[in-house]
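Written below as structure tokens is the structure these notes are about.
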There are 2 protein chains.
Amino acid sequence: MTRDRDRPYHHGDLRPALLRAAVDAIAEVGPAGMSMREVARRAGVSHTAATYHFGDKAGLLTAVAVEGYRLLGDALAAAEQEHQSFLEVGVAYVRFAVTHRPHFDVMFQPALHHADDAELQAAKARTAAMLYGTAEVDDRRRAEGVAAWSLVHGLATLWLNGNLPPQLAGDPEATARVVASHLRLPHR
Amino acid sequence: MTRDRDRPYHHGDLRPALLRAAVDAIAEVGPAGMSMREVARRAGVSHTAATYHFGDKAGLLTAVAVEGYRLLGDALAAAEQEHQSFLEVGVAYVRFAVTHRPHFDVMFQPALHHADDAELQAAKARTAAMLYGTAEVDDRRRAEGVAAWSLVHGLATLWLNGNLPPQLAGDPEATARVVASHLRLPHR
DNA sequence: GTGCAATCTTGCCAGTGGCACGTTAGTCTT
DNA sequence: AAGACTAACGTGCCACTGGCAAGATTGCAC
């Protein structure tokens, strides 16, 4: 009706556009503050168009989480490939959290998305396998992986929510190297 | 008007009652899903009564976070007092996260509360001092404290959001001991 | 007792998520 | 090329939410 005559009825590439808008909105107001209507406004469509593509708000956040897990997996694989160093994988983990805060925030708040989503589970499993191994790995190695993941994940989250001492909050990657040096991983 | 004739107009102890109701609600629907109106309903008052005591929704969540930081500080101090062991303080940290999930969830989502609240900052500072020392501590010790806090915090959050391998998700406290054994803290 | 401040309620408003239903336009069949 | 089908979007509506303004109730100081 009063819709732009220039803009076509069919957006043509709406789903990724909504995803980008959602990430932008989350960066500004957080995952909880983000609203479907605001995201839709940014993409220039009605809010029900977003519902059509993602089912509901949790569905949209699930899609953001899936994208996040894939990006994180890629970043970790690239670090592993480049440095052949488990430490550098950990540093890459912290770097991802800092540079992809909106994704990271959503990824680790399962109350916000559909935990049983198939794509989400697959993306999570792939990332988890890189960090603490698959089901076949022995107990010692798995415990070491969990210890390493816990360390970098804790550091990343503490940095994100402002719980690090000011002396160490400036350069999170440097802090990651210092902190990771206190880990003892005999089977790595 | 249609209000219960039994219940007095003045509740007499409403603030703590609302806090308890908020914690219960958060336990069921998460911090984001909690609503002022639902909390007020549980306490048997109108939703503006809650606004009166806490200013706004963020104020209520801030109060929950303050209570959480105090409870956590007490729990860590008790563990330190009883076992004289830094490891047991870390185990107590994980135990707190598991047994006080509503508080823990709110505490580490600063987007949900008033970060500049004086009581909150004081409660946070007290807990932080127990974990990585005060401002006067030397750099090595501070880095060790941050490493230890990162490890247990990461383990706790990964457990809470279901990112631990199933082999280690059953007994979080036992996992905390195993994982913490990979930390090397020469100055502790 | 009377004034006053603290506590709680009612009424209202804009914003939100989700549903039912209508509209548009691309695609496929014949 | 005409029509049928369906994917992609919009409109209208509903209950719910947070927050504000204004009023009602009560305890308390004096």
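Protein chains get the first letters and strands the later ones, always in sequence-line order, with residue 1 at the start of each. Here the structure is a predicted model, which means the values were calculated and not measured.
- Atom C1' of nucleotide C:dG17 and atom CZ of A:Phe54 are separated by 16 Å, given to the nearest angstrom.
- Between D:dT17 and B:Ser35, a contact under 4.0 Å exists linking OP1 or OP2 to a side-chain N or O.
- Distance, B:Leu61 CG to D:dG18 P: 10 Å, rounded to whole Å.
- Rounded to whole Å, the distance from NE2 on B:His47 to P on C:dG11 is 13 Å.
- The aromatic ring centres of A:His100 and A:Phe104 sit 6.0 Å or more apart.
- Atom CD in B:Glu38 sits about 11 Å away from atom P in D:dC16, given to the nearest Å.
- For the pair B:His114 NE2 and D:dG18 P, the interatomic distance rounds to 13 Å; values are reported in whole Å.
- For A:Gly55 and B:His53, each mapped to the nucleotide of DNA chain C holding its nearest heavy atom, the one lying further toward the 5' end belongs to B:His53.
- The number of heavy-atom neighbours closer than 6.0 Å to CD of A:Gln81, taken from other residues, nucleotides and ligands shown, is 12 or below.
- Of the candidate nucleotides D:dC9, C:dG17, C:dT9, C:dG17 has the atom lying nearest to any side-chain atom of A:Lys57.
- Proximity of A:Tyr52 to the phosphate of D:dC9: no side-chain N or O atom is located under 4.0 Å from OP1 or OP2.
- The CG-C1' distance, from A:Asp13 to D:dA8, rounds to 13 Å in whole Å.
- Rounded to whole angstrom, the span from the CG atom of A:Leu14 across to the C1' atom of D:dG10 amounts to 12 Å.
- Partners of A:Phe86 according to the ring-ring contact (aromatic ring centres under 6.0 Å, His included) rule, which considers only residues two or more places apart in sequence or in another chain, do not exist here.
- Taking every side-chain heavy atom of A:Arg41 into account, C:dT16 is the closest of C:dC8, C:dT16, D:dC9.
- Summarising the geometry, atom CG belonging to A:Asp105 is positioned 10.0 Å from atom CE belonging to A:Met107; distances are rounded to the nearest 0.5 Å.
- If you chain together hydrophobic residues whose side chains sit under 4.5 Å apart, A:Val106 and A:Val66 never meet in one group.
- Within 3.5 Å, a donor on the side chain of B:Thr48 pairs with an acceptor on the base of C:dT10, or the reverse.
- At a threshold of 4.0 angstrom between heavy atoms, the contacts of B:Ala49 include nucleobase atoms, whether or not backbone atoms are also involved.
- Atom CZ of A:Arg37 and atom C1' of D:dC14 are 11 Å apart (whole Å).
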